[in-house]
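First up is the structure itself, then whatever we jot down about it.
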Amino acid sequence: MSVLVVTGTDTGVGKTVVTAALAALAAARGSSVAVVKPGQTGVDIGEPGDLQEIARLAGITDLHEGSRFPDPLSPAAAARVSGKPPVHLSASVAEIRELAAERQLVLVEGAGGLLVRFDEEGSTIADLARWLGAAVVVVARPDLGTLNHTALTFEAMAHRGVQPAGLVIGSWPGEPDLAMRCNIRDLETITARPLAGVMPAGSGLLDPAEFLLAASAGLSPAFGGTFDAGTFRETHQKGTSRD
Ligand SMILES: Nc1ncnc2c1ncn2[C@@H]1O[C@H](COP(=O)(O)OP(=O)(O)OP(=O)(O)O)[C@@H](O)[C@H]1O
Ligand SMILES: C[C@H](N)[C@H](N)CCCCCC(=O)O
Ligand SMILES: [Mg+2]
């Protein structure tokens, strides 16, 4: 009976991989899990979208896609271009409430970042989270530029009364550069909390058994994993400060 919304600091940051990891861990501990994607853009009818990626990685079959538009645009712009009705996030809220009444966890993946518009009135995934009273997992890039994007996202959430559930780095490379290693500490300062997870680069290409191990190692105990922010920070600290 809980709903978690997954947003990102941008599109292409690894929201789908993190949503799959959250779903895989919940399912592995025996919870009933549904995943909702209210607006899927950039994918044609018959092509695999984010939910099919989640099915492939996490083995989840309780999947609910709202509207789909082929152009790789925000849901509002994609609907406008297609001439079809936009996503009605208020209808998604009703559907998510119904799903949540019968499941232990409902995950909702947005489209792009927090303030991407779903319709001409300007409804966003932040509105959906607020209407549902759901906490939001924010997925961020590890590299230079992420500090500003992450600060803006958290500030916008605070401004709207949306509760953060944690910050997860969507794709951490094998050889992080200096900016990435410095960003660990600074992301934690900006968000005023330890990192809630770090998914390794390439985890989206794993088979389901390997992906479950990566999800467990990559997400914190709050999400059923074993990720320890302190150990991760220590591991990458060397050379990031003179003290
Ligand atoms: N940890 C990862 N391992 C492997 N590939 C990744 C990882 N994170 C992201 N990617 C790849 O980066 C691309 C963008 O990731 P993803 O589709 O998860 O982004 P997104 O934040 O869900 O974007 P959207 O706004 O389109 O939903 C994808 O091609 C995905 O396969
Ligand atoms: C097409 C892409 N993969 C996403 N589905 C939609 C991203 C919308 C981003 C809009 C924006 O922030 O400019
Ligand atoms: Mg996605």
Side-chain angles (χ1 to χ4, degrees), residues 4-24 35-44 47-58 60 63-82 86-87 89 107-120 122-126 128 136-143 145-146 148-150 152-153 156 167-174 176 180 195-208 210-219 225 227 232:
L4 263 186
V5 171
V6 181
T7 191
T9 54
D10 199 353
T11 186
V13 296
K15 289 191 304 292
T16 303
V17 166
V18 171
T19 306
L22 291 164
V35 187
V36 180
K37 179 87 180 177
Q40 172 72 68
T41 67
V43 179
D44 231 324
E47 285 179 356
D50 286 1
L51 293 183
Q52 285 68 46
E53 176 107 356
I54 290 165
R56 182 178 61 74
L57 290 169
I60 304 293
L63 304 166
H64 304 264
E65 188 176 286
S67 307
R68 177 179 279 219
F69 304 99
D71 291 302
L73 299 167
S74 73
R80 195 187 314 135
V81 168
S82 74
V87 178
L89 282 185
L107 295 164
V108 185
E109 183 184 336
L114 184 76
L115 299 189
V116 166
R117 290 175 165 228
F118 281 72
D119 58 27
E120 297 300 334
S123 305
T124 67
I125 205 75
L128 177 130
V136 176
V137 174
V138 178
V139 183
R141 287 188 292 110
D143 54 324
T146 199
N148 182 53
H149 288 158
T150 303
L152 289 170
T153 302
L167 181 74
V168 178
I169 295 179
S171 181
W172 183 259
M180 294 176 188
L195 284 176
V198 176
M199 290 300 289
S203 49
L205 304 170
L206 298 174
D207 68 35
E210 294 169 327
F211 185 74
L212 179 59
L213 292 175
S216 180
L219 294 181
F227 174 80
F232 182 78

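In listed order, ligands and their atoms are each counted from 1. FYI, side chains are in, hydrogens and waters are out, and symmetry mates aren't considered; it's all heavy atoms of this structure.
When heavy-atom distances to ligand 1 are checked against 4.0 Å, the residues falling inside are T11, G12, V13, G14, K15, T16, V17, K37, D50, E109, G112, G170, S171, P200, A201, G202, S203, G204, ordered by chain and number.
Between A20 and I54, the shortest heavy-atom distance links the atoms CB-CG1, 4.0 Å. For A214 against L206, the heavy-atom pair with the smallest separation is CB-CD1, 3.8 Å. What you find for V6 and L22 is that their closest heavy atoms are CG2-CD1, 3.8 Å.
If you number the atoms of ligand 2 from 1 as listed, the ones under 4.0 Å from a heavy atom of T11 come out as 2 (C), 3 (N), 4 (C), 7 (C). Residue-ligand proximity, P72 to ligand 2, at heavy-atom distances under 4.0 Å covers atoms 1 (C).
Here the side chain of T41 pairs no donor or acceptor atom with the backbone of S74 at under 3.5 angstrom. S203 places a side-chain N or O within donor-acceptor distance of the main-chain N or O of P200, the cut-off being under 3.5 Å. Counting only distance, with no hydrogens or angles, the side chain of T153 and the backbone of H149 share a donor-acceptor pair below 3.5 Å. In this structure, the side chain of R56 does not engage the main chain of D207 through any donor-acceptor pair within 3.5 Å. In this structure a side-chain-to-backbone donor-acceptor pair under 3.5 Å is present from K15 to G112.
Ion pairing of E65 with K37 is absent here, as no side-chain N (NZ or NE/NH1/NH2) approaches a carboxylate O to less than 4.0 Å.
Given atom 11 (C) of ligand 2, the protein heavy atom at minimum distance is V116 CG2, 4.1 Å.
Distances between N or O atoms of Q40 and those of ligand 2 include no value under 3.5 Å.
The side-chain heavy atoms of V81 and F69, taken from C-beta on, include no pair separated by under 4.5 Å.
Comparing heavy-atom distances from atom 5 (N) of ligand 2 across D71, L114, D10, T41 singles out T41 as nearest.
When distances from atom 13 (O) of ligand 2 to the protein are checked, no heavy atom turns up under 4.0 Å.
The Mg ion (ligand 3) has no N, O or S atom of T19 closer than 2.8 Å. Taking 2.8 Å as the threshold, E53 does not count as a candidate ligand of the Mg ion (ligand 3), since none of its N, O or S atoms lies below it.
Distances shorter than 4.0 angstrom do not occur between any heavy atom of L115 and any atom of ligand 2.
Between the OD2 atom of D50 and the OE2 atom of E109, the angle taken at the Mg ion (ligand 3) works out to 80° after rounding to 10°.
Classified by interplanar angle (parallel below 30°, tilted 30° to 60°, perpendicular above 60°), the ring pair F232/W172 is perpendicular.
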